*Asks:* 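Please read through the structure below; I'll follow up with questions.
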Amino acid sequence: MKACWFHLMPYPYLPDDFKQKYRSVWVDVPSTLYDPEKGHWVYNEYLDELEFADQVGFDGICVNEHHANAYGLMPSPNLMAAALARRTSQAALIVLGNSLALYNPPIRVAEEFAMLDVMSGGRLVAGFPVGSSMDTNFAYGQTPATLREKYQEAHDLILQAWTRPEPFAFNGKYTQLRYVNLWPRPLQKPHPPIWIPGGGSIETWDWVLERNYMYSYLSYFGFKHGRRVMQGFWEAADRKGVDRNPYRAGFLQLVAISDTDAKAEAEYAAHADYFYNRCLHVFEGFADAPGYRTQATLRRGFRPQVGARAMRIREGLTWKDFVEQGYIIGGSPATVRDRLKEVVREMNIGHLMVLCHFGNMPKERTLQNTELFAKYVLPELHTLWQEWEDHWWPQPLARRAQPGAAIEAKAERA
Amino acid sequence: MVQEQMVAVRDGMFNVKLRTAGSGDPLLYLHGAGGLRGWEPFLAELAKRFRVYAPAHPGFETSTGIEHLDDIIDLVVFYNDFLDTLGLASTHVVGHSLGGMLAAELAALSPHRVRKLVLVSAVGLWLDAHPVADFFAMTPEELARALWFNPDSEVARAMMALPEDEQAQLEAFLLRNQHLATAGKFLWPIPDKGLKKRIHRIKAPTLILWGQADGIVPPVYAQEFQRRIAGSQVVVMPHCGHLPMYEAPEAFVQLVSDFLSG
């Protein structure tokens with residue numbers, strides 16, 4: 001199996017009384033709380049951490065897109081991926097992803113992903129999320145009832161742009177282009193692997209399976225809740241007669257490793273609290289705009305992972321609860337390893353995305369967490385699912401350009 | 001007695017729930033984003049003097065065809081087809097909130113169809129200094145405060161109450177979600193969709209009604225509509241919020257009837 005290191009890039013300097021004083025970390029959180037000078041150090045440390053994950057052997061590194069919020073400081077994940085393309089050499093660059101309906105025209109996504117794929121020598125995974133209601137409906141003003149239709153149309157345009165050899169006209173409802181002619185074209189053929197991050201929308205399962213994409217369930221409730229969702233996904237696969245190749249699925253998990261189980265609480269509990277009580281403190285009215293989820297999904301009982309209901313569920317949870325209920329897999333390397341293996345086996349997950357950084361975790365702790373994972377957990381995870389082939393993984397060039405090579409060559413000549 | 005029927009428009013592309021009652025001059029009532037809860041008492045009162053037509057817009061209640069509509073202009077075209085189906089060449093039009101915006105658009109784009117026009121707490125215009133509330137993002141408590149002059153009144157509490165039964169609660173939630181999702185197609189994210197470019201074409205005599213304590217569309221918009229519709233008159237109703245036809249039904253019916261009959 002593959003393990004990927006995911007950075008949410010939260011703003012780590014929200015005040016202690018944030019939850020009492022402000023109604024939401026998203027949409028109308030005052031931007032006066034953001035200090036760009038601190039932000040300079042934050043971005044650079046976060047990028048260092050992603051680069052470190054590449055160096056210690058994680059299979060992939062992940063970035064994503066959010067707007068008008070302190071939960072994740074990446075309005076443009078492609079900028080982050082571009083920076084990482086030059087400073088990392090092995091890991092897959094997993095952009096999870098670009099919220100397709102927000103790009104005007106969405107051919108921009110086809111172009112930038114092609115650029116990243118070419119720059120990185122074919123290391124790109126192209127993630128196509130719908131985007132949260134906070135991001136799409138409130139921060140970017142998209143009409144909830146037509147968001148998914150607009151997303152689908154953008155998806156069709158991008159796929160055609162990547163695969164049709166001649167210039168063509170695209171007459172869509174949301175985008176009209178007389179000339180679609182992609183320069184540059186992606187390196188991977190027919191196109192980079194496509195991953196669809198989902199928060200639990202039942203229509204997404206069928207759509208992903210029909211197109212043979214990878215479904216990655218990004219849950220903040222941990223594996224106990226995730227189990228139910230992944231069960232729905234695999235049942236949908238059975239109904240369609242699609243195999244249960246675990247690489248069809250990805251899952252996000254918070255991880256906290258210390259020398260011993262007891263030490264984990266002391267080292268990580270405060271950062272978990274920051275994550276759940278500040279980063280996920282979203283005003284109820286922004287959590288799920290009417291029309292964002294289909295009536296069928298709501299009828300099935302899916303509700304947003306943020307907002308009043310989600311907060312009530314998490315209210316008063318202690319470190320012990322977080323660990324026991326599976327929100328966080330924490331403890332000694334052996335504890336984490338055993339639990340993770342059990343979880344990915346049970347949910348049939350081929351791509352694990354781990355949050356070794358969450359909340360306001362400082363860089364030393366993050367690097368420790370990452371290093372322990374790479375040393376004690378990663379080798380064991382790599383032994384799983386060897387009987388299955390991963391059709392959803394990038395196929396980079398065997399021989400790739402070395403960043404800085406031209407400058408070194410000049411210096412040598414001198 | 002009120003008659004309830006499904007009306008097929010454009011060979012069934014739309015099937016619209018229509019409530020009709022009364023006799024007299026035709027009166028088309030266009031409801032707001034909350035939809036109708038049935039044959040409302042104020043409609044029953046109006047039906048004593050008019051032939052009242054109260055459709056549920058496509059996407060509301062069991063009315064179908066919303067997937068064929070993308071914006072307010074599409075909805076005006078639909079209502080032209082709907083009136084053709086009913087054989088109504090022209091009618092009085094009373095519209096509330098979203099329905100007020102629709103009524104104003106209909107009167108501007110199809111002036112021959114509208115005899116007299118009543119706009120109640122209408123959306124459709126935008127003043128930077130007085131933003132229309134973002135009712136899509138309000139909690140039920142915030143909504144109650146914005147909608148009502150007196151959120152503790154009997155009528156307010158009855159209308160905001162949730163059913164006791166859990167399944168009925170889910171159904172109520174889903175219906176409200178469906179209605180607001182539909183309204184979003186015409187209003188999201190700011191209910192300013194070009195009426196200001198067309199409103200000057202309204203020729204019908206126009207009455208503008210507003211609740212003094214409207215927390216959704218501030219009463220200053222009554223003046224804004226009046227400024228843009230030649231010869232229109234404004235009545236601001238005391239002790240009313242965004243829903244004067246529920247909070248002061250008698251005064252509302254009186255004002256509307258007198259204006260339409262005069």
Side-chain angles (χ1 to χ4, degrees), chain A residues 23-24 26-29 67-68 101-102 131-150 152-153 172-176 201-203 282-304 306-312, chain B residues 32-35 57-72 74-75 98 126 131-146 162 166-193 216:
Chain A
R23 71 173 183 170
S24 190
W26 232 296
V27 184
D28 63 356
V29 55
H67 301 277
L102 306 187
S132 77
S133 187
M134 295 83 81
D135 293 312
T136 56
N137 305 136
F138 291 101
Y140 263 47
Q142 300 298 310
T143 303
T146 49
L147 176 70
R148 284 165 205 273
E149 184 182 69
K150 191 177 178 192
Q152 300 277 353
E153 185 186 297
K173 179 169 154 188
Y174 299 95
T175 300
Q176 286 188 316
S201 231
I202 58 172
E203 293 83 0
V282 177
F283 168 58
E284 174 71 359
F286 298 145
D288 213 11
Y292 172 76
R293 260 167 243 271
T294 63
Q295 295 287 100
T297 291
L298 290 170
R299 204 168 265 289
R300 177 105 180 210
F302 285 99
R303 297 292 183 271
V306 293
R309 186 184 151 276
M311 275 196 273
R312 267 197 309 279
Chain B
H57 311 316
F60 283 82
E61 300 183 62
T62 52
S63 294
T64 64
I66 182 61
E67 68 275 20
H68 304 300
L69 304 174
D70 290 318
D71 55 31
I72 193 76
D74 288 353
L75 191 55
L98 164 64
W126 181 264
V132 175
D134 186 6
F135 57 89
F136 291 108
M138 284 180 170
T139 61
E141 298 74 36
E142 290 172 329
L143 197 59
R145 282 196 298 277
L162 278 173
E166 208 165 297
Q167 186 60 30
Q169 265 184 28
L170 174 69
E171 295 304 328
F173 161 76
L174 288 171
L175 186 66
R176 176 177 181 271
N177 200 70
Q178 176 201 327
H179 289 171
L180 287 177
T182 299
K185 284 192 118 173
F186 310 111
L187 303 178
W188 195 280
I190 287 177
D192 177 8
K193 304 298 181 188
I216 302 286

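What you are looking at is a predicted structure, and each value in this text was computed from that prediction instead of being measured. Just so it is clear: chains get the letters A, B, ... in the order the sequence lines come, proteins before strands, and each one is counted from 1.
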*Asks:* Using side-chain heavy atoms (C-beta onward) and a distance below 4.5 Å, is A:Arg293 in contact with B:Asn177?
*Replies:*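 With C-beta onward as the side chain, the pair stays apart.
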*Asks:* Between the side chain of A:Gln295 and the main-chain N/O of B:Leu174, is any donor-acceptor distance below 3.5 Å?
*Replies:*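 Checked: pair present.
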*Asks:* Could you tell me which non-hydrogen atom of A:Thr143 sits nearest to which non-hydrogen atom of B:Gly184, and how far apart they are?
*Replies:*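 Scanning both residues, the minimum pair turns out to be CG2-O, 3.4 Å.
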*Asks:* With a 4.5 Å cut-off on heavy-atom pairs, point out which of A:Gln142, A:Glu149, A:Glu284 contacts chain B the most.
*Replies:*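 Going by pairs under 4.5 Å, I would pick A:Gln142.
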*Asks:* For side-chain contact (heavy atoms from CB on, under 4.5 Å), just list the numbers for A:Asn137 and B:Phe136, CA-CA rounded to whole Å, side-chain angles, deciding distance to a tenth of an Å, and then say yes or no.
*Replies:* CA-CA 11 Å; A:Asn137 305 136; B:Phe136 291 108; over 6 Å; no
*Asks:* In chain order, what residues pass the side-chain hydrogen bond (donor to acceptor under 3.5 Å, both in side chains) check against B:Glu61, with sequence neighbours excluded?
*Replies:*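 With sequence neighbours excluded, B:Glu61 shows a side-chain hydrogen bond (donor to acceptor under 3.5 Å, both in side chains) to B:Lys17, B:Arg19, given in chain and number order.
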*Asks:* Using non-hydrogen atoms only, which part of A:Thr146 is less than 4.5 Å away from chain B: side chain, backbone, both, or neither?
*Replies:*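 Side chain only.
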*Asks:* Quick one: does any side-chain atom of B:Trp188 pair with a main-chain N or O of A:Ala145 as donor and acceptor, under 3.5 Å?
*Replies:*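 The answer is no, because no donor-acceptor pair under 3.5 Å joins these two groups.
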*Asks:* Take atom CZ of A:Arg23 as the centre, draw a 6.0 Å sphere, and report whether it contains more than 12 heavy atoms from other residues, nucleotides or ligands.
*Replies:*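 Yes, CZ of A:Arg23 has more than 12 neighbouring heavy atoms, counting only those of other groups under 6.0 Å.
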*Asks:* Most heavy-atom pairs under 4.5 angstrom with chain A, which of B:Met138, B:Glu67, B:Glu171?
*Replies:*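 Heavy-atom pairs under 4.5 Å are most numerous for B:Glu171.
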*Asks:* Measure distances from A:Tyr292 to the heavy atoms of chain B and classify the residue's part below 4.5 Å as side chain, backbone, both or neither.
*Replies:*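 Contact with chain B: none, neither part.
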*Asks:* Quick one: closest heavy-atom pair of A:Gly291 and B:Ala181, and the distance?
*Replies:*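 The pair with the smallest heavy-atom distance is CA-CB, 3.4 Å.
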